[in-house]
Peer 1: 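Let me begin by handing over the structure; questions about it come next.
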2 protein chains.
Amino acid sequence: MANIQQVAEKAGVSVATVSRVLNHAASVSTKTRLKVENAIKELNYEPSMLGRNLRNSESRLLLVLLPSISNPFYTEIINGIQNTAIANSYNILLCETDSNPQRENIYFNMIKNKLADGVISMDPTVNRQKLTELAESHPVILCSEYDEGGSVPFVTIDSELAAYQAVKHLIRLGNKKIALINSDEKFLYARQRRSGYERALKEFDLPIREEWIYHTRDLEFQNGVQAMRMLLELEEKPTAVFAVSDTLAIGALKGINGSGLHVPNDLAIIGFDNISFSNMTNPTLTTVSQPMYKMGVTAANMLIMSIKGEQVESVVLDHDLIIRESTMG
Amino acid sequence: MANIQQVAEKAGVSVATVSRVLNHAASVSTKTRLKVENAIKELNYEPSMLGRNLRNSESRLLLVLLPSISNPFYTEIINGIQNTAIANSYNILLCETDSNPQRENIYFNMIKNKLADGVISMDPTVNRQKLTELAESHPVILCSEYDEGGSVPFVTIDSELAAYQAVKHLIRLGNKKIALINSDEKFLYARQRRSGYERALKEFDLPIREEWIYHTRDLEFQNGVQAMRMLLELEEKPTAVFAVSDTLAIGALKGINGSGLHVPNDLAIIGFDNISFSNMTNPTLTTVSQPMYKMGVTAANMLIMSIKGEQVESVVLDHDLIIRESTMG
DNA sequence: GTGAAAGCGCTAACAG
DNA sequence: CTGTTAGCGCTTTCAC
């Protein structure tokens with residue numbers, strides 16, 4: 001691979017001039033530019049980002065941290081991020097942390113090392129302290145999951161309200177025994193969604209029973225299946241289930257299908273996220289839709305502003321309850 | 001952010017010594033090392049990969065090109081790649097091309113620019129000529145989709161055989177009218193799977209009817225739904241369907257569920273890929289399992305060997321037919 | 001309008 | 001065992 005030196009020699013100019021041509025600087029005569037452009041073509045030259053980045057100390061790369069790409073929830077967000085990034089001449093680096101602190105460290109170092117200009121974290125398991133520390137000297141945006149009272153800007157939805165509305169929908173359908181399939185309450189969204197669930201129950205004077213609240217280890221389907229099995233073994237079975245993610249809800253659906261009970265006739269289900277698969281299940285899944293693409297766009301725009309040194313404010317976006325077959329009993 | 005110079009000053013040594021400590025070179029006295037390590041800690045120093053990479057002309061980053069992260073098929077492959085990469089002190093850069101040549105170009109340039117050391121492409125829509133050209137001077141491995149008769153090493157499965165076996169399974173169950181939901185036959189795997197489908201039919205003297213072969217635009221669920229609707233409108237309806245991807249098969253399942261027909265009693269379905277969803281559908285989906293994790297591991301190992309300058313041979317891995325409810329009529 | 005030269009942060013050869 | 005120094009590829013003053 002040719003370098004700028006060789007191009008300069010071939011064109012019979014200095015490296016400075018080649019650099020000027022590359023960066024579309026004004027002060028190059030047409031004649032010289034043509035010579036340089038020809039040399040570039042002939043040598044099949046491509047400028048090295050490494051040299052450029054070192055010099056400019058910017059990489060035009062954005063890091064996107066996510067716990068796992070297996071949850072389709074992230075797909076649309078990433079599209080939003082990616083399109084916005086590209087529109088601003090940035091590229092994105094998708095980094096799966098698998099909630100592994102060691103991997104996390106690797107990626108944090110990439111930021112510190114100037115291999116990336118900023119980071120959008122969607123990983124709720126991320127080490128908060130380290131992230132906050134990083135955010136003091138580097139652009140960081142949180143997406144979806146965030147830090148209550150923290151200093152790092154975020155974009156998210158009102159999880160408490162969304163959960164409240166979802167559960168209220170179940171109550172209006174006549175359900176009095178409503179279970180919650182929650183993930184680990186170390187996550188803020190899990191605490192918020194539980195809180196919304198409880199607010200709705202309280203408002204309608206329905207009891208909050210611990211045995212109807214199941215906590216899963218993570219958001220894989222299988223956990224939903226397992227949760228549902230447990231709930232169906234109870235003396236007093238719930239007549240409706242609110243799951244904090246579609247993956248869990250779909251697993252729950254599977255668990256019910258295996259039990260001879262029918263959704264929505266015997267049991268109503270609501271999920272959360274509106275992943276594409278939630279419209280493919282049988283029955284289709286009622287769910288809370290987050291504006292995923294918009295979240296991605298917003299997060300990326302915030303990050304890019306932050307990289308430019310501008311101040312950014314956190315954003316709370318709107319959600320929707322998408323009513324489908326699983327609550328049409 | 002401190003640089004190596006400042007660390008050297010603080011420690012009262014030369015930058016070379018600091019570099020030695022950073023790279024765990026043997027020839028540093030314990031006393032000096034301690035001094036340097038202290039200085040590093042005090043200054044909160046992190047070496048810049050940019051400087052290092054420029055010097056070493058390596059980035060220890062591997063590019064992974066995929067058309068879209070929305071197909072869960074890629075998830076496990078990526079896990080395999082990622083784990084292998086990390087075990088060899090590489091990191092991966094996930095790049096969604098959306099089958100967009102412009103994005104592709106960006107990523108190819110990253111390779112040329114030494115921002116990444118090599119690339120694994122899983123994108124069947126990738127510009128073959130450009131990729132082959134790139135492969136002449138840079139490490140490139142194809143994963144899953146490959147170039148027949150091309151020079152770029154690949155790891156894949158025997159799609160023709162897998163399709164043949166899947167269709168044969170349907171025939172053995174007594175089906176004589178078997179439809180194929182295929183993707184665009186510009187893709188090699190699509191041509192191969194069709195070929196396997198036809199071989200099985202011929203072997204049992206079953207007719208190959210064009211109206212039972214449906215081509216989709218891409219692999220999104222919705223295309224499967226659409227395909228199934230078309231097939232169910234035929235005068236002579238098929239009694240079984242082989243779809244070349246689970247996403248299509250799941251869509252087809254959805255299409256059937258909406259029609260009042262029953263799987264597997266009225267219609268059997270086989271998919272391809274064994275994505276995690278395929279076990280969550282109702283009924284669960286019979287499918288061809290590709291060794292996705294192993295494919296990822298193999299591809300990554302091949303790429304790393306190739307980066308080291310070693311010769312690598314293409315690999316064809318084994319597949320399995322996973323029999324589930326959708327063919328248990 | 002163009003060139004010479006410094007320097008971004010780091011490593012490695014060489015010298016001592 | 002440690003320091004000096006050149007140089008990776010590029011951009012950007014500063015002269016001319």
Side-chain angles (χ1 to χ4, degrees), chain A residues 1-37 39-40 43-61 89 109-117 137-138, chain B residues 1-37 39-40 43-61 89 109-117 137-138:
Chain A
M1 184 100 271
N3 63 18
I4 200 172
Q5 185 75 47
Q6 296 168 289
V7 175
E9 274 168 33
K10 180 136 212 146
V13 299
S14 73
V15 292
T17 301
V18 177
S19 176
R20 286 188 190 105
V21 172
L22 290 174
N23 296 285
H24 308 103
S27 63
V28 183
S29 74
T30 313
K31 210 175 103 190
T32 318
R33 186 178 43 251
L34 254 45
K35 274 197 299 184
V36 172
E37 280 167 355
I40 288 176
L43 292 174
N44 216 343
Y45 166 76
E46 304 264 0
S48 155
M49 288 189 184
L50 244 32
R52 179 174 288 171
N53 294 350
L54 179 57
R55 178 62 217 221
N56 296 346
S57 65
E58 72 164 9
S59 62
R60 300 208 78 83
L61 240 38
S89 311
N109 279 341
M110 293 182 83
I111 301 283
K112 294 190 191 159
N113 295 340
K114 290 279 173 200
L115 250 187
D117 296 344
S137 45
H138 299 271
Chain B
M1 183 104 271
N3 63 19
I4 200 173
Q5 185 75 45
Q6 295 169 289
V7 175
E9 274 169 31
K10 179 136 214 148
V13 299
S14 74
V15 292
T17 300
V18 177
S19 177
R20 286 187 190 103
V21 172
L22 290 174
N23 295 287
H24 307 105
S27 62
V28 183
S29 74
T30 313
K31 210 174 102 191
T32 316
R33 188 179 39 254
L34 255 47
K35 274 197 301 186
V36 173
E37 281 167 354
I40 288 175
L43 292 174
N44 217 342
Y45 167 75
E46 305 266 358
S48 154
M49 287 190 184
L50 244 32
R52 179 176 289 171
N53 294 350
L54 178 57
R55 177 62 220 217
N56 295 345
S57 66
E58 69 163 12
S59 62
R60 299 207 79 82
L61 240 37
S89 311
N109 279 342
M110 294 182 82
I111 301 282
K112 293 190 192 159
N113 294 341
K114 290 282 174 197
L115 252 186
D117 295 344
S137 45
H138 299 272

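Note that the structure is predicted; figures quoted are calculated from it, not measured. Naming convention: chains lettered A, B, ... in sequence-line order (proteins, then strands); numbering from 1 in each chain.
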Peer 1: Check side-chain hydrogen bond (donor to acceptor under 3.5 Å, both in side chains) between Asn3(B) and all other residues, then give those that pass, not counting sequence neighbours.
Peer 2: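 Once residues adjacent in sequence are excluded, Asn3(B) has no partner under the side-chain hydrogen bond (donor to acceptor under 3.5 Å, both in side chains) criterion.
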Peer 1: Using the side chain to side chain contact (heavy atoms under 4.5 Å, CB included) criterion, which residues pair with Glu9(A)? Sequence neighbours excluded.
Peer 2: Gln5(A)
Peer 1: Enumerate the residue pairs fulfilling salt bridge (charged side-chain N to carboxylate O under 4.0 Å, His left out) with a member in residues 21-37 of chain B, sequence neighbours excluded, ordered by first and then second residue.
Peer 2: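 For residues 21-37 of chain B: Arg33(B)-Glu37(B).
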Peer 1: Once each nucleotide of nucleotides 2-9 of chain C is scored for protein heavy atoms under 4.0 Å, what B/S/- sequence comes out, 5' to 3'?
Peer 2: BBB-BBBB
Peer 1: At 10 degrees resolution, what angle do the end axes of the helix from dG1(C)-dC16(D) to dG16(C)-dC1(D) form when each is taken over five base pairs?
Peer 2: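 End axes: 40° apart.
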Peer 1: Side-chain polar contacts of residues 21-29 of chain B - donor-acceptor pairs under 3.5 angstrom, sequence neighbours left out - could you list them?
Peer 2:
unit_1: Asn23(B); atom_1: ND2; unit_2: Ser19(B); atom_2: O; d: 2.7
unit_1: Asn23(B); atom_1: ND2; unit_2: Ser19(B); atom_2: OG; d: 3.4
unit_1: Ser29(B); atom_1: OG; unit_2: Thr32(B); atom_2: N; d: 3.1
unit_1: Ser29(B); atom_1: OG; unit_2: Thr32(B); atom_2: OG1; d: 2.5

Peer 1: Taking only residues two or more places apart in sequence, or in another chain, which ones meet Ser137(B) in a side chain to side chain contact (heavy atoms under 4.5 Å, CB included)?
Peer 2: none
Peer 1: Considering only distance and modelled atom types, tabulate donor-acceptor pairs under 3.5 Å from the side chains of residues 47-56 of chain B, sequence neighbours left out.
Peer 2:
unit_1: Ser48(B); atom_1: OG; unit_2: Leu50(B); atom_2: N; d: 3.1
unit_1: Ser48(B); atom_1: OG; unit_2: Gly51(B); atom_2: N; d: 3.2
unit_1: Asn53(B); atom_1: ND2; unit_2: Met49(B); atom_2: O; d: 3.2

Peer 1: Which part of the nucleic acid, if any, lies within reach of Asn53(A) when heavy atoms closer than 4.0 Å are counted: base, sugar-phosphate only, or nothing?
Peer 2: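 Counting heavy atoms under 4.0 Å across all strands, no contact is made by Asn53(A).
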Peer 1: How far apart are the closest heavy atoms of Asp117(B) and Ser59(B), and which atoms are they?
Peer 2: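 Taking every non-hydrogen atom into account, OD1-N, 2.8 Å.
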Peer 1: Between Val7(A) and Tyr45(A), what is the shortest heavy-atom contact and its length?
Peer 2: CG2-CG, 3.5 Å
Peer 1: For DNA chain D, note the earliest and the latest nucleotide, 5' to 3', having some atom under 4.0 Å of a heavy atom belonging to chain B.
Peer 2: dC1(D) to dG9(D)
Peer 1: Considering all heavy atoms of both residues, which atom of Ala8(B) and which atom of Ser14(B) are nearest to each other, and what is their separation?
Peer 2: CB-C, 3.7 Å
Peer 1: Considering only residues two or more places apart or on different chains, which pairs with a residue in residues 19-29 of chain A satisfy salt bridge (charged side-chain N to carboxylate O under 4.0 Å, His left out)?
Peer 2: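 Residue pairs with at least one partner in residues 19-29 of chain A: there are none.
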